[in-house]
Structure formats: structure tokens, C-alpha cells
Amino acid sequence: MAQLGLPVPREEEFVSAQVVPALPGIGKPLAEMDGRLWSVASPEDPVHRAPELPSQSASSDHFDGSRWR
């Protein structure tokens, strides 16, 4: 969330944003998710299928407040 310039949710909070595939150099914050770069969508951007996110229940994954590990 922070990489995209969005508020970082605290435990048991949620933040929602539409994202679109992005390329470096577009002048927007970027984050890598599901093997691609993404940025927060602008109103004129087309709708895209959202990236796959790591499961919070996966035993080896955990969220430390800024990224998945």
C-alpha cells in the first residue's frame, strides 16, 4: 500500500484501490504484485483483472505492515 502512495492499514483494517498494469517511468508510484508492476488506476483507465495476492493464511507468508514476507 505504501509503495502505491496509499494509507497502510492497521491490523483488521482494509484499504481498497483499483490498480492497473504499469510501466516504469509513468510518473506514478509502482508496486510489484503477482510478477508485474501495478499503479493506482486513474478514472480514465480501463478495468483490469486484479493481481493475485499472497494468502494471509499461508504459513510462510506474513505481512509486516509494509510488505509481504
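Hydrophobic cluster membership is shared by M33 and L6, with clusters built from Ile, Leu, Val, Met, Phe, Trp and Tyr side chains linked at under 4.5 angstrom.
Formation of a donor-acceptor pair under 3.5 Å by the D34 side chain with backbone atoms of P51 is not found in this model.
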Q) Please walk me through it: do V40 and Q18 pass side-chain contact (heavy atoms from CB on, under 4.5 Å)? A) CA-CA 6 Å; V40 175; Q18 181 180 343; over 6 Å; no
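Nearest heavy atom pair, residue L4 against residue W38, reads CD2-O, 3.4 Å. Between A41 and K28, the shortest heavy-atom distance links the atoms C-NZ, 4.3 Å. The two residues V20 and H48 have their closest heavy-atom pair at CG1-CD2, 3.8 Å.
Note that CG of L37 is 9.5 Å distant from CD of Q3, once rounded to the nearest 0.5 Å. Interatomic distance, CD1 of I26 versus OG of S39, reported as 4.0 Å (0.5 Å rounding).
The side-chain hydrogen bond (donor to acceptor under 3.5 Å, both in side chains) analysis of residues 6-17, with sequence neighbours excluded, yields the pairs R10-E13.
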